[in-house]
There are 2 protein chains.
Amino acid sequence: MTLNKVTIKTIAKKINVSPATVSKALRDSHDISDQTKLKIKNLAKKLGYKPNLMARNLVSKKSNIIGVIVPDISTSFFGLTVRGINYAARKHNYEVIILVNDEDHKVERKNIEFISNLQVDGILIDSVPGNHNLDLLEELSENGMPIVFVDRKCKKINADSVTTDDIKAGYTITKYFLKNNKSKIVFVGDVDLLTVANDRVKGYKKALKEFGIKFDKELLLKINYEIDEEQLKEKIRSFIHSKKEFDSFICAGGVIAYLVGLVLLEEGFAIPDGVLLGEFGDNNIVYRLGVPFITVDQSPISIGATAFDLLVTRMKDVRNTNAKRKQIYVKSKLVSHHPAKHEHLFIEHI
Amino acid sequence: MTLNKVTIKTIAKKINVSPATVSKALRDSHDISDQTKLKIKNLAKKLGYKPNLMARNLVSKKSNIIGVIVPDISTSFFGLTVRGINYAARKHNYEVIILVNDEDHKVERKNIEFISNLQVDGILIDSVPGNHNLDLLEELSENGMPIVFVDRKCKKINADSVTTDDIKAGYTITKYFLKNNKSKIVFVGDVDLLTVANDRVKGYKKALKEFGIKFDKELLLKINYEIDEEQLKEKIRSFIHSKKEFDSFICAGGVIAYLVGLVLLEEGFAIPDGVLLGEFGDNNIVYRLGVPFITVDQSPISIGATAFDLLVTRMKDVRNTNAKRKQIYVKSKLVSHHPAKHEHLFIEHI
DNA sequence: TTGAAAGCGGTACCAA
DNA sequence: TTGGTACCGCTTTCAA
């Protein structure tokens, strides 16, 4: 750390006042004369004094920091969510620190532990599918740590969340596929119990039902984010080569959609004429495929900003631990992209 | 913060030992008997004891945290850089916290101040163009804070950096354009003195010279990241409508390339047949355009990991503040993308 | 093997 | 308007 060890005491000694006086002067306390304030501030600047936040937060029991935990950040969806969070946080004068866990729930647990031990004032989390760390989060929450789930909600516990209405989104995109004469729609995702993907599947099933199509288990391709890309591709490939017929894919996320698209193209399928491709998130990575696709644009910036605002209200009434939790849905929309034609057509609000 | 106020003292009292003993036991110190260690640990777990890192770090004067400051995170380039950083950090058991400033140097300054006041052990920074905060960084560095510049280097001060060889990259991509019969190449970027873009322009000029083409100032379109997208587009539009002739664009970054492409398409130009488009970073956002383009793929993951490794070596010999700084270049490559054809052709190593 | 005491850098209360 | 003192939660001598 800094060799430059200028502390409040250093300053105090130099001008023969007490540390208490320096502390107050530096924070513009009313009960210090302008004269000494000036003297102290000048000296502080001259010596390059920096407050030690660790010390400050230790006594004040407030850090003014909120911690954000996300699974990935190389994806435009999360990146934009974070932008929304930062945007809102700046208005409220909070510092935001971001931790990334690469979809690994063990790293996520460490992230949660670290950040709470660091005494952040609140946590925003886009959690790794599978609810591996719910116990920890629940414990923290019960002990008064404000926590808001972002994007990927969590049903098991009574918690605040800001997400897309995933059931409706799944329903809407599936209905669009059905209307466009697709009937053998594969749904790909980390369809673990109680995750976002699960909700999307619910919507998918609902739409099928409405169109009188029976849900076919074999068209539900379960994958897991934590396995690596090559393995994922292999899994997709083997599905494609199985005898199961299909005419379209709806993917629970951008990265999956990209991989599915990649495999389809490698295997000689045409998109969208041979197979229609759909995804959630309007993620930039899907555009790498260079093919038309249907997407649920979730307004990530708005999700992020809304989540922060909700967190702030929670942080403000710390006492009220048992207040009713809010589940907020941010509006999204169904869009059809045809990059090569530079067409981006709005289809429907969700 | 947590209502659950279990501290070392709480535990100490409950089993009638001193706080010192608890502290040692919890950290597996050799001079505590296994018996009491066990007792203490069990009780700690039962009570849900969490160490307060603010307190811990305050006395140890080490945080084991490294701070990463980036301008943007919704862009795949930075996202992947961060992934590389995290990957390397995990191996060394460091915690990584990320701060984002949206290309705003005032926010960047706050980020730097905050993070250093928080007593991080080292800083990785991808700095906002313009060298606005060099004074601060230099001061910190002189006071013993290890700092490594990532991606966007900084020539003014004697500092460690891990970047692309930008002169060479600028040279290579320009040469490719020239070989493909482009001669009126517009270079767009935040060509402020002493930034990455500037190096890229140097390479650009060098290539022009080699091909016997005189550098034309008017083909250098200076833009500034900090102005908003609509203004940027307006600036690009007005250039396009000026009488200046052009046959291609090389853009210093992905976001700019995307905006340039957008305007060109809106104005009815064909890419790449009418106008060839080039950029640095192989950023996913460019694919949104759905057109072929040339890119310098900078291997962001490798840049991130390398930067972290360099930082670690700096953190290990804190004394040696005046050691020679290292400028490391990470290999990149020139690639031609034709998304609609699913072609991604390697052209040349850089 | 254990613990008392001092202190990390600040803040806050109360007395002067 | 100033300053003494206690303390935030934890670690670290050094003595018992």
Side-chain angles (χ1 to χ4, degrees), chain A residues 1-41 43-44 47-65 114 116-121 143, chain B residues 1-41 43-44 47-64 113-114 116-121 143:
Chain A
M1 220 90 33
T2 53
L3 309 177
N4 181 11
K5 288 229 124 304
V6 183
T7 73
I8 277 188
K9 281 177 196 162
T10 325
I11 297 175
K13 271 182 200 146
K14 289 236 180 192
I15 37 179
N16 274 315
V17 293
S18 77
T21 307
V22 176
S23 170
K24 285 176 189 162
L26 254 19
R27 280 167 307 134
D28 255 330
S29 163
H30 281 299
D31 48 45
I32 302 291
S33 74
D34 289 352
Q35 226 186 20
T36 45
K37 253 191 219 174
L38 199 71
K39 207 158 65 176
I40 289 172
K41 284 187 178 174
L43 184 60
L47 297 178
Y49 166 76
K50 316 272 184 200
N52 181 326
L53 292 185
M54 294 280 183
R56 179 128 80 199
N57 297 342
L58 180 59
V59 11
S60 69
K61 287 158 180 291
K62 263 216 63 185
S63 65
N64 220 41
I65 304 175
F114 164 64
S116 59
N117 293 347
L118 197 58
Q119 318 296 115
V120 295
D121 291 349
N143 285 322
Chain B
M1 220 91 31
T2 53
L3 310 175
N4 182 10
K5 287 231 127 301
V6 182
T7 74
I8 277 187
K9 279 181 197 162
T10 324
I11 298 176
K13 273 182 198 148
K14 289 235 180 193
I15 37 180
N16 276 315
V17 293
S18 78
T21 307
V22 176
S23 169
K24 284 175 189 162
L26 254 20
R27 280 167 308 131
D28 255 331
S29 163
H30 281 298
D31 49 45
I32 302 290
S33 74
D34 288 351
Q35 225 186 19
T36 46
K37 252 191 219 175
L38 199 70
K39 207 159 63 175
I40 290 172
K41 283 186 179 174
L43 184 60
L47 298 179
Y49 167 77
K50 317 271 184 200
N52 182 326
L53 293 184
M54 293 281 182
R56 178 125 88 198
N57 298 343
L58 180 59
V59 9
S60 70
K61 287 157 180 292
K62 261 216 66 188
S63 64
N64 218 43
E113 279 168 347
F114 165 64
S116 59
N117 293 347
L118 196 58
Q119 317 296 115
V120 295
D121 291 349
N143 286 321

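So you know, we letter chains A, B, ... as the sequences are listed, proteins then strands, and number each from 1.
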Tell me: [atom1] of [X] to [atom2] of [N], nearest whole Å?
X	N	atom1	atom2	answer
A/Ile32	D/dT2	CD1	P	5 Å
A/Asn57	D/dC7	CG	C1'	16 Å
B/Lys37	C/dT2	NZ	P	10 Å
A/Ile11	D/dG3	CD1	P	14 Å
A/Ile15	D/dT2	CD1	P	11 Å
B/Lys13	D/dC10	NZ	P	13 Å

B/Lys14, NZ: over 12 other non-hydrogen atoms inside 6.0 angstrom: no
Heavy-atom pair with the smallest gap, counting every atom of A/Lys37 and A/Ile32: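 Closest approach of A/Lys37 to A/Ile32, heavy atoms only: CE-O, 3.6 Å.
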With a 3.5 Å cut-off and sequence neighbours excluded, list the donor-acceptor pairs that the side chains of residues 51-59 of chain A form with protein atoms.
from, atom 1, to, atom 2, distance (Å)
A/Asn52, OD1, A/Met54, N, 2.8
A/Asn52, OD1, A/Ala55, N, 3.2
A/Asn57, ND2, A/Leu53, O, 3.2

A/Ile65 side chain reached by B/Phe114 side chain, heavy atoms, under 4.5 Å: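 In short, these two side chains touch, coming nearer than 4.5 Å.
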Axial bend angle, the helix from C/dT1-D/dA16 to C/dA16-D/dT1: five-pair end segments, nearest 10°: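 Inter-axis angle at the ends, rounded: 40°.
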Quiz: residues 19-26 of chain A side-chain donor-acceptor pairs under 3.5 angstrom, not counting sequence neighbours:
from, atom 1, to, atom 2, distance (Å)
A/Thr21, OG1, A/Ser18, OG, 3.0
A/Ser23, OG, A/Arg27, NH2, 2.8

With sequence neighbours excluded, residues passing salt bridge (charged side-chain N to carboxylate O under 4.0 Å, His left out) with A/Lys41: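 So A/Lys41 forms a salt bridge (charged side-chain N to carboxylate O under 4.0 Å, His left out) with A/Asp28.
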Pairing residues for A/Ile15 by the side-chain contact (heavy atoms from CB on, under 4.5 Å) criterion, not counting sequence neighbours: A/Ile11, A/Val17, A/Lys39, A/Ile40, A/Leu43
Base versus backbone protein contacts along nucleotides 6-16 of chain C [heavy-atom cut-off under 4.0 Å; B, S, -]: --BBBBBB---
Phosphate contact (D/dT2 OP1 or OP2) by A/Ser33 side-chain N/O below 4.0 Å: yes
Exam field: side chain B/Ser33 to backbone B/Thr36, donor-acceptor pair closer than 3.5 Å: yes
Donor-acceptor contact present, side-chain A/Lys50 to main-chain B/Glu113, <3.5 Å: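 It does not hold such a pair.
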Sugar-phosphate only, base, or nothing, as touched by B/Asn117 at under 4.0 Å among non-hydrogen atoms: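 Touches nothing.
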Sugar-phosphate only, base, or nothing, as touched by A/Asp34 at under 4.0 Å among non-hydrogen atoms: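 Since no nucleic acid heavy atom lies under 4.0 Å of A/Asp34, the category is nothing.
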